[in-house]
Amino acid sequence: MKKTIKCALAGTAMLALATSAQAATLLKMKDGSGQATDMWVTEEAARIEPPEPGVYMLMSLEDGSVRMVNDNQKQVLETDALMGDGAGEVPQIDLQFKRAGEGPEIAGYDTEHYVLTVGGQTCQNYYLSEDAVADNKLQAFMEQMAALSKRDPGMQGMMDDCDVASRQVGAELVGLGLPLRVTDAQGAVESEVVEIQSDADAGDRRFSPPKDYEVISLANLMRQHMQQQ
């Protein structure tokens with residue numbers, strides 16, 4: 001009897017450890033130069049890890065807040081100004097975003113090919129997958145990315161019509177699918193999802209900023225930079 005109880009307790013403990021492990025969807029991506037980025041997505045947050053070690057971006061899937069975390073300097077950068085809090089929405093531009101047919105299989109998923117044009121000029125090609133969203137529970141992530149695309153980053157002077165159109169069309173992807181590949185007008189890859197892992201073990205990765213890090217507002221940082229000039 002005691003042996004049975006001990007086995008039951010041990011099994012319960014193992015189950016508790018298993019269920020406490022962080023599971024997330026892992027999107028392994030690369031840009032046109034081959035630089036790799038890992039994007040970890042849970043039901044509450046997304047964590048984007050660029051090639052630079054110790055630096056990552058956190059996005060809440062509840063309120064859309066975005067923060068840059070630097071473990072090397074123990075700092076959290078609140079990107080309020082960069083992401084356009086209180087700055088309105090991206091100005092609208094006359095664009096066309098049309099289906100051009102079936103796309104290739106990418107990261108194990110069938111895709112649909114869409115073309116983004118402005119004034120008759122091709123800007124980008126998008127290869128989208130609805131199944132990649134449904135299979136990996138990425139709907140909340142897509143909705144927050146769409147909301148992020150609408151925010152005005154205050155960089156109109158540095159953005160051409162295709163740049164503006166690209167941000168504007170980002171809000172339309174929610175019902176169309178996850179962009180598994182984006183190319184320029186000539187077909188050169190700008191970004192691509194090369195692998196998707198469902199229920200990947202996120203290990204000890206944080207999905208919220210460490211509370212003991214110094215918090216810096218980007219608005220204040222930019223203000224200080226301008227004052228120093």
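Pairing each heavy atom of Q144 with each of L61, the nearest pair is NE2-O, 3.5 Å.
T117 places no side-chain N or O within 3.5 Å of a backbone atom of G120 that could act as its donor or acceptor partner. A distance-only check finds no donor-acceptor pair linking the side chain of T111 to the backbone of S129 [under 3.5 Å]. Looking only at distances, no side-chain donor or acceptor of N125 sits under 3.5 Å from a matching main-chain atom of R181. Remark: the backbone N or O of S65 is paired with a side-chain donor or acceptor of D63 at under 3.5 angstrom.
One hydrophobic cluster, built from ILVMFWY side chains closer than 4.5 Å, holds both V133 and L128. Tracing side-chain contacts under 4.5 Å through hydrophobic residues (I, L, V, M, F, W, Y), one never reaches M57 starting from V76; they form parts of separate clusters.
Remark: E143 CD to L173 CG distance equals 12.5 Å, nearest 0.5 Å. How far CZ of R167 is from CD1 of I93: 13.5 Å, rounded to the nearest 0.5 Å. To the nearest 0.5 Å, the span separating CG on D161 from CG on L95 amounts to 10.0 Å. If you take CG on D135 and CD1 on I196, they are separated by 8.5 Å, rounding to the nearest 0.5 Å. A distance of 10.0 Å separates CD of Q96 from OG1 of T122, quoted to the nearest 0.5 Å. With rounding to the nearest 0.5 angstrom, the CZ atom of R47 is 10.0 Å from the OG atom of S208.
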Determine, stepwise, if the pair Y213 / N70 fulfils side chain to side chain contact (heavy atoms under 4.5 Å, CB included). CA-CA 9 Å; Y213 281 16; N70 189 324; over 6 Å; no
Checking Q124 against Y126 for the side chain to side chain donor-acceptor pair (under 3.5 Å) test, could you report, in this order, the C-alpha distance in whole Å, the side-chain angles of both residues, the deciding distance, and whether it holds? CA-CA 7 Å; Q124 290 174 308; Y126 288 73; 2.7 Å; yes
Stepwise, does the side chain to side chain contact (heavy atoms under 4.5 Å, CB included) test hold for F97 with L176? CA-CA 11 Å; F97 191 60; L176 298 176; 3.7 Å; yes
